[in-house]
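First comes the structure, then the notes that go with it.
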Amino acid sequence: MKVENKTQINTQTETLQMYEGAPWCLGRYESFVINKPQLITLLGHDYVIWKDKEGNLNALDNICPHAGANLANGGYIVDFQGKSCLACPYHGNKVQFFGDGKAIIEGNISRKPIQSVLPLKVIDGLVWTYGLHWEEKQGELLSEPIQPKIPIPDYADIPFLPKYHSQLRVNKLNHIYSFTESVHNNILRFLWNAHDGEHFAGIHRDSMLTNDIKIDNLTQKDNHISWQLFLNKRNDKYAKKNKMSPLVNDVMVQCFNTFLPSLVVLTNEIAQGQLFVAIGYLYPESPTKTRFSLDGYFNFEYTWWHKLLRLPQLGNQFRDKIIGEDVSIVNNIYPSFNKKISLKNDTPAELAINFLKNWKYE
């Protein structure tokens, strides 16, 4: 009995980690609107992030140090001596902030930063951060930058790209959609789903019309796991009558490259040289809540006959259904449990979970 209780406690502890020292992608640079502050929650803390008129991204502690106002909720951008700054929604004409954390108090600029700054990097059109570590000392909540333990992923040279593509550069592809939503589960459970090939023949059975799956070319190097997923199409009456059937090949090959714990890159050669890319970003808002975002890209544009056949609309419906199914199932998975059953294609998921359960970047 003592062993079982210890196992349960360990499982619970592991699922509540937030993996400090990992890089987290907050989304595409283009997704942030100029002079429109927005809230992000990362590693249990709230920040306000905004893009100024010069195109700079700024991110600060979201709590105003004057009276505790929520800066992202009603905060607005003003000009002070030719520079953009964030005005507090509570006392905007008296309290404002530059992106470097310095405050403008009743028209006077503070000598030192007052507000904590969330460090950001923009690489290949994506916004990255390692976050801040917060700790209460003598009644004051203080922050310091989290030291990087693993590098920001470089996915330019991932395997399985079509022969016409020597490297993957998403900023040179046509961006076709964006999705983002908070999932009420820990990041470990979402990463299991992202690496679980069997669920394509389970929860996606009627959307992707999958009969059976096969995993091949599985490799792992540190936090980078890559593999190919072969989806065999069903041929029953339901599948033949399904309106999504034209979008599903008899054998669909999806190529996965994941950079634990934050990035999932899916590539699929639709036709000779025609590439579809989906990039999923994960970051823990809290130990029990995960922000999931997804961006899709093509290296081609829809032709007039694609539009005549309503392929863009069908593609959107297909995409929304798949994403909705994934979000629904992750929301419905218990955050901790004792695994007693294994399936033959569990290996990618087990590699991912074992890597994170043995997180040693301390």
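The shown structure was predicted, so the numbers you read here are calculated from the model rather than taken from an experiment.
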Are the side chains of [X] and [Y] in touch, meaning some heavy atoms are under 4.5 Å apart?
{"X": "F292", "Y": "S182", "value": "no"}
{"X": "T129", "Y": "L26", "value": "yes"}
{"X": "Y297", "Y": "N174", "value": "no"}
{"X": "N257", "Y": "P159", "value": "yes"}
{"X": "L188", "Y": "F190", "value": "no"}
{"X": "W134", "Y": "L141", "value": "yes"}
{"X": "W192", "Y": "I353", "value": "yes"}
{"X": "L86", "Y": "N58", "value": "no"}

Donor-acceptor side-chain pairing of [X] and [Y] below 3.5 angstrom:
{"X": "D216", "Y": "Q228", "answer": "no"}
{"X": "H133", "Y": "E20", "answer": "yes"}
{"X": "D295", "Y": "Y281", "answer": "yes"}
{"X": "T290", "Y": "E285", "answer": "no"}
{"X": "N232", "Y": "D212", "answer": "no"}
{"X": "T258", "Y": "H195", "answer": "yes"}
{"X": "N70", "Y": "N62", "answer": "yes"}
{"X": "N186", "Y": "T288", "answer": "no"}

### Message
Applying side-chain contact (heavy atoms from CB on, under 4.5 Å) to L57 and F32, what does each step give before you reach the verdict?
### Response
CA-CA 8 Å; L57 276 179; F32 295 94; 3.8 Å; yes
### Task
Evaluate the criterion side-chain contact (heavy atoms from CB on, under 4.5 Å) for residue pair I279 and V264; output intermediate values, then yes/no.
CA-CA 6 Å; I279 299 186; V264 180; over 6 Å; no
Of all heavy-atom pairs between [X] and [Y], which one has the smallest distance, and what is that distance?
{"X": "P162", "Y": "L275", "result": "CD-CD1, 3.8 Å"}
{"X": "S262", "Y": "W24", "result": "CB-CE3, 3.7 Å"}
{"X": "V117", "Y": "G101", "result": "CG2-N, 3.7 Å"}
{"X": "L294", "Y": "A278", "result": "CD1-CB, 4.2 Å"}
{"X": "Q167", "Y": "D157", "result": "NE2-OD1, 2.9 Å"}
{"X": "P261", "Y": "I187", "result": "O-CD1, 3.6 Å"}

### Task
May I ask you to say whether D79 pairs ionically with K53, meaning some side-chain N is under 4.0 Å from a carboxylate O?
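Here D79 pairs with K53 in a salt bridge, since their nearest N and O are under 4.0 Å apart.
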### Pair E350 + K339: basic N to acidic O under 4.0 Å
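Salt bridge flag = yes for K339 with E350.
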Pairwise distance [atom1]([X]) to [atom2]([Y]) - rounded to 0.5 angstrom:
{"X": "F256", "Y": "L229", "atom1": "CZ", "atom2": "CG", "value": "5.5 Å"}
{"X": "T41", "Y": "K289", "atom1": "OG1", "atom2": "NZ", "value": "7.0 Å"}
{"X": "F276", "Y": "Q254", "atom1": "CZ", "atom2": "CD", "value": "8.0 Å"}
{"X": "L260", "Y": "I150", "atom1": "CG", "atom2": "CD1", "value": "7.5 Å"}
{"X": "I152", "Y": "F259", "atom1": "CD1", "atom2": "CZ", "value": "12.5 Å"}
{"X": "N185", "Y": "N332", "atom1": "CG", "atom2": "CG", "value": "9.5 Å"}

Please check this pair: side chain of [X] against backbone of [Y], looking for a donor-acceptor N/O pair closer than 3.5 Å.
{"X": "E140", "Y": "E136", "result": "no"}
{"X": "S110", "Y": "K102", "result": "no"}
{"X": "Y90", "Y": "G68", "result": "no"}
{"X": "D346", "Y": "P348", "result": "no"}
{"X": "K344", "Y": "K214", "result": "no"}

Kindly work out whether a path of hydrophobic side-chain contacts (I/L/V/M/F/W/Y, heavy atoms less than 4.5 Å apart) joins [X] to [Y].
{"X": "Y130", "Y": "L263", "value": "yes"}
{"X": "L142", "Y": "L42", "value": "no"}
{"X": "F160", "Y": "F298", "value": "no"}
{"X": "V122", "Y": "I49", "value": "yes"}
{"X": "I63", "Y": "I105", "value": "no"}

### Task
May I ask you to decide if the ring planes of H45 and Y47 are parallel, tilted or perpendicular, using 30° and 60° as cut-offs?
tilted
### Task
Could you tell me whether K36 sits above the aromatic face of Y76, with NZ or CZ closer than 6.0 angstrom to the six-membered ring centre and within 45 degrees of the axis?
no
### Query
Do R319's NZ or CZ and the ring of Y177 fall within the cation-pi criteria of under 6.0 Å and 45°?
yes
### Message
side-chain contact (heavy atoms from CB on, under 4.5 Å) for E325 and I203? Distances and angles first, verdict last.
### Response
CA-CA 7 Å; E325 289 170 345; I203 188 172; 3.9 Å; yes
### Task
Check the pair L231 / H204 against side-chain contact (heavy atoms from CB on, under 4.5 Å), numbers first and verdict last.
CA-CA 11 Å; L231 308 175; H204 298 318; over 6 Å; no
